[in-house]
Number of protein chains: 2
Amino acid sequence: MDRLDIRIVDILQRRGDLTHAELAEAVGSTPSTCLRRVRSLQKAGILTRNVFLADGAKLGRGLRAIITVTTKDYDLARRAAFAKSVGAEPAISYAYGVTGDLDAILIGNFRDMVEYQATCDRLFDGDKNITRYTTHFISETYKDDPAIPCDPALSGG
Amino acid sequence: MDRLDIRIVDILQRRGDLTHAELAEAVGSTPSTCLRRVRSLQKAGILTRNVFLADGAKLGRGLRAIITVTTKDYDLARRAAFAKSVGAEPAISYAYGVTGDLDAILIGNFRDMVEYQATCDRLFDGDKNITRYTTHFISETYKDDPAIPCDPALSGG
DNA sequence: CAGAGTTTTGGCAGAATATTGCAAGGGCCC
DNA sequence: GGGCCCTTGCAATATTCTGCCAAAACTCTG
């Protein structure tokens, strides 16, 4: 993970469809070196996968919501079960267990309120362990980019 | 946006580095048709861009946090200013204005608590309009995938 | 239901790109 | 300083991309 790797990761997180020649020019190297670096970064699990990002609104899923969840008991078995049921919900893109006065936070892309409520019902209704869920609908997007900054400080690692 | 487009978007959101031949086989079509469909989906803004996803922990940014923010006045000008300052913070990946008893929710990838606090100080300290910010650190990931499900219902659009 | 016009499709060939082997250069440890 | 190992860059080869054309499918009209 030297300075060249950092530049490569930094660029590929923003533009994943560059040719190796373009990438080489952008980072100041050669195509074959870039190819080898990218493959080694993938093998190391630093670059996990290449994806296309899509416009949720144009796919008919413009209703985004952040759902916070509190539970009564949040032990290992219950968390595993929750992870499984969340995984089965295609409308949920992100789901995390968190510290603080909440237990889990979910982010979903819904077609409409009907689908939102149906999803919540499937996830939470009937589960006596869920104390409460609160939904914040996204009304404005200030920033939306999965890129993680590449810190020059880790050149040594 | 017919059934073929939906299959293409569905697959490319998961694997963006397929060759057109592989994509063609996966969706039951031919490479040249896939090329044209992908281009037209990009031009239509349905597929927005192609990126590599990276492992935050391996980039030295394993500390993920969801920060909720409440403000006193959240008018248009203040929201624009907030969007700008959030945009200047590389550690913040997502930032949204939301409905409910919160005004904004941020998600960031931090190197450590020091960087977390420094970022919060830059964003919130000195801004008398920020009533409160509360942080939930992500302790467990149940699901983490930017893919938006492609609903067959929109075949007609 | 037939026919013309329009759009989309599938395959091909040339061009561009990705990939690999090999020799040379540079860094590191002894 | 010498030997070893990793990385680099070039050139050759394999793969993939892409513009083009005829054919098929679809749409609209009479």
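All of these numbers come straight from a predicted model, not from anything done at the bench.
- In terms of phosphate contacts, A:T30 brings no side-chain nitrogen or oxygen within less than 4.0 Å of OP1 or OP2 of D:dC10.
- When distances run from any side-chain atom of B:H20 to the nucleotides D:dC17, C:dG11, D:dG9, the shortest one goes to D:dC17.
- Interface residues of residues 35-46 of chain A facing DNA chain C, ordered by number: A:L35, A:R36, A:R39; criterion, heavy-atom separation under 4.0 Å.
- For B:Y94 and A:Y142, the distance between ring centers is not under 6.0 angstrom.
- Once rounded to the nearest 0.5 Å, the distance linking NE2 of A:H136 with CD1 of A:I107 reads 11.5 Å.
- Judged by distance alone, the side chains of B:D55 and A:T48 never bring a donor and an acceptor atom under 3.5 Å apart.
- Nucleic acid contact for A:T19: sugar-phosphate only, since backbone atoms but no base atoms lie under 4.0 Å from a heavy atom of the residue.
- A donor N or O paired with an acceptor N or O is not found under 3.5 Å between the base of D:dG9 and the side-chain atoms of A:T33.
- Within the 3.5 Å criterion, the main-chain N or O of B:I11 finds no donor-acceptor partner in the side chain of B:R15.
- Put simply, CG on B:L18 is 15 Å from C1' on D:dT15, counting in whole angstrom units.
- Look at CD1 on B:I8: it is 13 Å from C1' on C:dT9, rounded to the nearest Å.
- Both B:L63 and B:I92 are members of a single hydrophobic cluster when ILVMFWY side chains are connected at heavy-atom separations under 4.5 Å.
- Distance A:L4 CG to D:dC6 P: 18 Å, rounded to the nearest Å.
- Looking at A:T70 and A:Y133, their side chains never bring a donor and an acceptor atom within 3.5 Å of each other.
- Rounded to an integer number of Å, the gap from CG of A:D17 to C1' of D:dT16 is 15 Å.
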